[in-house]
**Student:** 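Pasting a structure below so you can have a look.
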Amino acid sequence: MTTTRFAPSPTGYLHIGGLRTALFSWLWAKKNEGQFLLRIEDTDLARNSQDAVTAILKAFDWVGMSYDGEALFQSKRFELYAQYVEQLLNEGKAYKCYMSKEELTALREEQMAKGERTRYDGRYRDFTGTPPEGIEPVIRIKAPTEGTISFVDGVKGEINIASSEVDDFVIARAGGVPTYNFVVAIDDALMGLTDVIRGDDHLYNTPKQIVVYEALGFKLPNFYHVAMINNEQGKKLSKRDGATDVMEYKTLGYLPEALLNFLVRLGWSHGDQEIFSVKEMIALFDPKNINKSSSNYNLDKLLWLNAHYIKNKSNSELAELLVDFGVDIKEHSKRDLILNATKERGKTLVELAEQVNLILNAPTEYNAKNFKKAFKEDTPKILALFMTLLKEAELNEVADYHKVIEAVVEQKEIGFGKIGMPLRVSLLGSMTGSGLDEIMAILGRDETLSRIEKAINELNT
RNA sequence: GACCCUUUCAUCUAGUGGCCAAGGAUAUUGCGUUUUCAUCGCAAAAACAAAGGUUCAAAUCCUUUAGGGGUCGCCA
């Protein structure tokens with residue numbers, strides 16, 4: 001059975017790049033009717049927090065992803081790891097190293113000066129003498145000294161790393177706490193992972209983990225290393241580049257389906273298709289179509305997708321979502337009229353809420369510039385006629401309001417702009433926005449009249 | 001510095017030796033629709049990092065150079 005995982009270290013919120021690799025893993029598991037597991041990598045006891053775990057789960061929940069079974073915490077498995085350390089020690093595949101941190105630093109500086117790749121020199125690999133006093137040893141694993149470590153990456157193809165590049169790395173710190181590459185290999189194997197999809201910043205960890213797999217006799221999974229997401233300038237994505245926390249996108253008024261659609265197309269494609277529902281993603285996703293190169297993060301497309309998903313969302317769902325943005329029209333009798341008039345004008349829920357508020361709340365002040373542009377000498381007379389006709393009109397639907405405007409245009413023999421602009425400024429205080437007849441149908445006769453009167457009074461003062 | 005990965009329009013990408021004087025999408029610009037804005041429709045502009053090979057034929061294969069990214073922890 002296809003088994004994938006997401007394995008974050010709980011040191012902060014869920015990052016946008018993390019969500020993409022999680023999405024890829026999740027899609028691949030779902031497509032194959034397999035399992036998607038969650039493992040919390042909290043072996044660095046000083047840096048992780050429960051809040052971070054909660055934050056990650058909250059983000060998963062928001063986008064509608066879920067994991068199978070219980071989340072696994074590495075911090076609860078130290079005994080298990082210790083057993084494997086013991087096993088390797090007994091089998092002579094690992095050894096105690098008594099090198100001090102000072103000595104290590106000195107060695108690295110020396111190697112750096114010589115232009116070599118820094119690596120542990122294996123000085124305690126075959127040590128049988130009396131250990132130095134006062135040094136608590138670390139445990140190092142015996143990595144191969146000759147040849148190359150090779151594996152086939154599902155994204156990048158064959159990867160060959162010379163064994164000379166992989167040193168006898170530490171698998172247990174002084175004090176016994178195991179290290180990352182050691183526990184990852186053990187857990188990935190024990191959890192039965194068939195496919196490991198992760199960022200390509202882990203590419204260099206893979207040969208190390210292979211050393212562990214082989215020492216312990218575990219079967220290797222398929223590896224897929226996905227290139228990073230960079231900012232628009234092609235540099236590493238940082239907080240300065242806008243939202244990096246997944247939950248920020250919720251606050252900014254993005255729909256989770258838009259965010260997922262955006263992320264799935266960053267580094268993956270299916271021909272020319274741009275719009276993918278989650279269902280389609282699951283049906284079509286295949287890691288073999290993941291791109292080798294890193295992609296740059298660009299908000300324009302996300303915005304476009306978000307507008308698309310807002311336009312296509314039902315009014316009842318939109319009304320529900322808008323509550324978080326301070327607009328509650330769930331029980332409003334003209335809910336559909338309001339949303340139909342506004343949902344093509346909001347690229348985010350924040351903007352949509354603004355559009356709705358613009359109609360719902362009478363303008364409190366008028367922009368002098370707008371007034372000057374919209375109101376000409378004959379405008380008061382035109383508006384007066386409009387009000388007269390509106391009072392008498394039979395008003396049942398949107399089209400009825402339109403008829404009133406048409407009647408004014410006809411009687412006064414003027415263009416639509418002559419009545420349209422002043423009317424718009426009177427009703428919204430703005431030169432742009434939804435259709436006038438729609439706005440008036442939402443407001444109704446009384447509110448429409450009152451807003452026009454208010455505007456005229458404002459003009460006269 | 002060493003090692004690894006990578007390079008198609010501004011951006012996301014299609015492309016697996018002939019279907020490519022390179023296709024789609026976003027963004028940009030113009031036109032149309034619209035009383036306005038938005039939506040929508042149509043159109044324009046816009047790329048194979050460079051140089052050498054291999055081949056009848058190269059965006060695609062090889063070599064070199066250059067750019068970008070990553071890694072070099074008793075972090076993960």
Side-chain angles (χ1 to χ4, degrees), chain A residues 7-11 41-44 46-48 74 97 99 101 104-105 108 111-120 136-140 153 155-157 159-162 164-167 169-175 177-181 183-184 199-207 225 227-228 230 232-236 262 265-275 289 291-305 307 311 342-347 351 355 374 402 405-406 409 415-421 423-425 428 430-437:
Chain A
S9 57
T11 51
E41 313 225 305
D42 52 353
T43 52
D44 185 358
R47 282 206 311 171
N48 51 62
Q74 291 187 321
C97 171
M99 201 169 177
K101 287 190 182 179
L104 249 183
T105 312
R108 286 200 188 105
Q111 287 168 332
M112 200 69 107
K114 275 196 266 177
E116 292 169 7
R117 184 173 165 83
T118 57
R119 65 193 299 277
Y120 173 69
E136 203 178 351
V138 298
I139 314 296
R140 290 182 180 272
D153 185 280
V155 175
K156 312 239 185 211
I159 306 285
N160 299 302
I161 311 259
S164 58
E165 293 295 317
V166 180
D167 64 2
F169 60 94
V170 174
I171 56 172
R173 304 165 168 93
V177 177
T179 60
Y180 174 77
N181 281 307
V183 299
V184 164
D200 76 353
D201 47 343
H202 286 288
L203 196 63
Y204 241 88
N205 287 324
T206 309
H225 289 96
M228 303 277 95
N230 294 324
E232 207 154 345
Q233 288 74 42
K235 303 288 178 191
K236 198 172 175 174
F262 172 69
R265 283 286 290 105
L266 226 47
W268 176 83
S269 59
H270 178 74
D272 288 339
Q273 188 168 344
E274 296 288 346
I275 307 278
N289 296 325
N291 263 228
K292 288 167 187 266
S293 56
S294 57
S295 36
N296 292 0
Y297 179 89
N298 178 283
L299 219 58
D300 286 334
K301 205 144 190 177
L302 173 59
L303 222 42
W304 172 72
L305 283 164
K311 265 184 294 184
T342 52
K343 69 180 171 189
E344 286 183 356
R345 267 161 264 264
K347 287 191 193 301
E351 287 179 16
Q355 289 291 324
H402 190 72
I405 301 177
E406 272 183 337
V409 167
F416 265 97
K418 281 249 176 190
I419 168 95
M421 268 311 169
L423 195 51
R424 177 177 301 283
V425 170
L428 300 183
S430 157
M431 306 275 285
T432 64
S434 310
L436 285 172
D437 37 15

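As the structure is a prediction and not an experimental result, all values here were calculated from the model. Worth knowing before you read on, the calculation uses all heavy atoms, side chains too, and leaves out hydrogens, waters and symmetry mates.
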**Student:** Is a side-chain N or O of A:T179 found less than 3.5 angstrom from the main chain of A:V170, in a donor-acceptor match?
**Tutor:** yes
**Student:** So if I define the base as every atom that isn't primed, P, OP1 or OP2, how would nucleotides 35-49 of chain B read as a B/S/- string at a heavy-atom cutoff under 4.0 Å?
**Tutor:** BBBBSS---------
**Student:** Under the side-chain contact (heavy atoms from CB on, under 4.5 Å) rule, collect the residues that match up with A:H270, sequence neighbours excluded.
**Tutor:** A:W268, A:Q273, A:F276, A:L284
**Student:** Can you give me the closest heavy-atom contact between A:V138 and A:A174, atom names plus distance?
**Tutor:** CG1-N, 3.5 Å
**Student:** Could you work out the separation of B:A49 and B:U8 based on their P atoms and round it to a whole Å?
**Tutor:** 6 Å
**Student:** Do nucleotides 12-19 of chain B as a string where each nucleotide becomes B, S or -: B if the base has a protein heavy atom under 4.0 Å, S if just the sugar-phosphate does, - if no protein is that close.
**Tutor:** BSS-----
**Student:** Just to verify, what does A:E41 make a side-chain contact (heavy atoms from CB on, under 4.5 Å) with, not counting sequence neighbours?
**Tutor:** A:A7, A:S9, A:R39, A:Q74, A:Y180, A:V184
**Student:** Just to be sure I understand the rule, does A:L305 reach a base, reach only the sugar-phosphate, or reach nothing, if contact means heavy atoms closer than 4.0 Å?
**Tutor:** nothing
**Student:** In whole Å, what separates the P atom of B:U63 from that of B:U6?
**Tutor:** 13 Å
**Student:** Between A:N291 and A:S293 (side chain of the first, backbone of the second, donor and acceptor by atom type, cut-off under 3.5 Å), is there such a pair?
**Tutor:** no
**Student:** Provide the distance between the two C1' atoms, one in B:A22 and one in B:U16, to the nearest whole Å.
**Tutor:** 15 Å
**Student:** Taking the P atom of each, how far is B:A21 from B:A47, in whole Å?
**Tutor:** 15 Å
**Student:** How would you list, by chain and number, every residue that makes a side-chain contact (heavy atoms from CB on, under 4.5 Å) with A:L303, sequence neighbours excluded?
**Tutor:** A:Y254, A:K347, A:T348
**Student:** If you measure from the P atom in B:G69 to the same atom in B:C56, how many Å do you get, rounded?
**Tutor:** 41 Å
**Student:** Does A:R345 pair with A:E351 as a salt bridge, N-O distance under 4.0 Å?
**Tutor:** no
**Student:** Excluding sequence neighbours, so at least two apart, what forms side chain to side chain donor-acceptor pair (under 3.5 Å) with A:E232?
**Tutor:** A:N298
**Student:** Classify the nucleic acid contact of A:K114 as base, sugar-phosphate or nothing, counting any heavy atom under 4.0 Å across all strands shown.
**Tutor:** nothing
